[in-house]
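Down below is the structure, laid out as structure tokens.
Because only heavy atoms are used, hydrogens play no part in the values below, and waters and symmetry mates are left out as well, while side chains stay in. Please read these numbers as outputs of a predicted model, since none were measured by experiment.
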Amino acid sequence: MSVPAISDESWLCHVSAADVHVVTAGGHSIPAHSSVLASASPVLENMISRRTIKIPGASYDAVLEFVRFLNAGEARRPPPEATEAMKLYGVQLLALAHAYRVGWLKRLCEAAVGGRVGSDDVVDVMKLAQLCDAPQLRRRCLAVAAKDFASLQRTEGWRFVQNHDPRLELEILQFMAEREQRRKRWRRERMDQEVFLQLSEAMECLEHICTEGCTVVGPHDGEPPSRSRGPCTSFRTCETLQLLIKHFGTCGKKFPGGGGCVQCKRMWQLFRLHSSICDRESCKVPLCRQFKVSAPEQGKEKGDDATWRLLVKKVILARVMSSLAARKTPEQLMKAWERYRRKN
């Protein structure tokens, strides 16, 4: 959002057409136009009839910039001096915009003040945001306080909060605790998503081995693999999965229903997961048809039907998202995105 302002030439024209005066706390008078003030602020509109409008509580320079912003309006592009004015008087302009109900200027001031807030003044700005009902600025202050809490603890503002404002102290600490909980949840979700992606890749690799064959394991109904064949580069888990399949085929401890050694139990689960995802009528992966037939009874016996369905759903979703991420962006979409970036 742009910061509006007016040029010196426009300001001189504005002064020459002035029909009302804004008086600051020091007694200085600023010429203004009643129609401009009335259209910009409903509070000032109710004060126009007096022809002299008193704006106390702010410096002359801040009130002057406030009148300049109102005269410019919301849609004007900012010259460099307008940005400088926001840097110098942003806090006072925010208070004035809130007091006189100039919404667009208030949003600009929130963004400007929030962009420069640091740990040294974050407590003062938070109190200002509370007084001016500026939730966006308050959230920004909370984020700054949580990001560098060690520096905040060394400031006079934080010591004042600890001694005189326990509610604000509790709010900051609670925000930090919730922020840490969100981070832990996001890390846990990313780890879970990585597991689901690995399972999805294992399902594709299992189909690849049983359909085409690979380095040490041939297809389900085809010729054994050639010894001269190099290592598989299609899947990261291919070599490990082939070793599990070879062990599963020769292990004497396995028994129907998912029992056996640790490696066999893992293969039983992979075969069952493939069967739950597979939608082919004729599949070359071993035990696919058997698991489909026995799936309802097996879920009832183990009491994990709902949990298993959730796992299957997550793996399918991971496969779909991985497929979408692997797609190349169409050339027309890339050109449209470049045009958008140049305009903004």
Side-chain angles (χ1 to χ4, degrees), residues 187-326:
R187 285 195 293 265
R188 185 170 60 251
E189 289 176 355
R190 285 197 297 268
M191 291 175 61
D192 292 344
Q193 186 64 24
E194 181 63 26
V195 171
F196 297 138
L197 286 173
Q198 291 176 0
L199 288 174
S200 174
E201 182 180 352
M203 295 300 98
E204 296 181 11
C205 183
L206 185 62
E207 294 179 10
H208 152 71
I209 294 173
C210 297
T211 304
E212 306 169 5
C214 203
T215 54
V216 296
V217 177
H220 178 59
D221 54 356
E223 297 294 329
S226 173
R227 293 186 177 181
S228 60
R229 190 170 182 175
C232 178
T233 58
S234 301
F235 300 94
R236 294 175 298 174
T237 57
C238 190
E239 183 179 356
T240 303
L241 194 55
Q242 288 183 80
L243 295 176
L244 283 175
I245 292 175
K246 287 190 67 177
H247 171 83
F248 184 81
T250 58
C251 181
K253 297 181 180 180
K254 70 176 184 295
F255 55 87
C261 64
V262 175
Q263 291 84 352
C264 290
K265 288 180 180 179
R266 189 173 301 170
M267 279 308 305
W268 281 115
Q269 292 172 345
L270 290 176
F271 283 136
R272 182 188 174 192
L273 181 59
H274 164 80
S275 175
S276 301
I277 295 174
C278 180
D279 55 357
R280 299 190 184 95
E281 293 185 2
S282 177
C283 180
K284 294 185 177 181
V285 177
L287 305 176
C288 181
R289 180 65 179 173
Q290 291 88 325
F291 272 116
K292 287 181 179 179
V293 173
S294 61
E297 293 77 8
Q298 190 177 32
K300 291 179 181 179
E301 291 176 0
K302 294 189 175 183
D304 60 350
D305 194 40
T307 305
W308 184 261
R309 285 200 304 269
L310 180 61
L311 173 63
V312 172
K313 181 180 178 181
K314 294 286 187 179
V315 174
I316 293 175
L317 180 61
R319 173 179 287 189
V320 172
M321 296 304 294
S322 177
S323 175
L324 292 175

Check your understanding: So, for Leu287 and Phe248, which heavy atoms are closest and what is the spacing to 0.1 Å?
Key ->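 In terms of heavy atoms, the two residues are closest at CD1-CZ, 4.3 Å.
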Can you give me the closest heavy-atom contact between Leu270 and Leu206, atom names plus distance?
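Taking every non-hydrogen atom into account, O-CD2, 4.3 Å.
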Over 12 non-hydrogen atoms of neighbours within 6.0 angstrom of [atom1] in [X]:
X      : atom1 : result
Glu239 : CD    : no
Arg319 : CZ    : yes
Arg280 : CZ    : no

Beyond-backbone contact of Leu317 with Met321, side-chain heavy atoms, under 4.5 angstrom: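 They are in contact (side-chain heavy atoms under 4.5 Å apart), so the answer is yes.
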Quick one: list whatever passes side-chain hydrogen bond (donor to acceptor under 3.5 Å, both in side chains) with Gln263, sequence neighbours left out.
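side-chain hydrogen bond (donor to acceptor under 3.5 Å, both in side chains) check on Gln263 returns nothing, list empty.
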To the nearest 0.5 Å, tell me how far [X] [atom1] sits from [Y] [atom2].
X      : Y      : atom1 : atom2 : answer
Leu273 : Ile316 : CG    : CD1   : 8.5 Å
Ile245 : Ile209 : CD1   : CD1   : 4.0 Å
Thr240 : Arg266 : OG1   : CZ    : 9.5 Å
Cys210 : Leu241 : SG    : CG    : 8.0 Å
Gln290 : Ser275 : CD    : OG    : 8.5 Å

**Prompt:** Where do Met267 and His247 land on the side chain to side chain contact (heavy atoms under 4.5 Å, CB included) test, with the steps shown first?
**Reply:** CA-CA 9 Å; Met267 279 308 305; His247 171 83; over 6 Å; no
Evaluate the criterion side chain to side chain contact (heavy atoms under 4.5 Å, CB included) for residue pair His274 and Cys283; output intermediate values, then yes/no. CA-CA 10 Å; His274 164 80; Cys283 180; 3.1 Å; yes
Acceptor/donor pairs from residues 190-203 side chains to any protein atom, 3.5 angstrom cut, sequence neighbours excluded:
residue : atom : partner : partner atom : Å
Glu201  : OE1  : Arg236  : NE           : 3.3
Glu201  : OE1  : Arg236  : NH2          : 2.8
Glu201  : OE2  : Arg236  : N            : 3.0

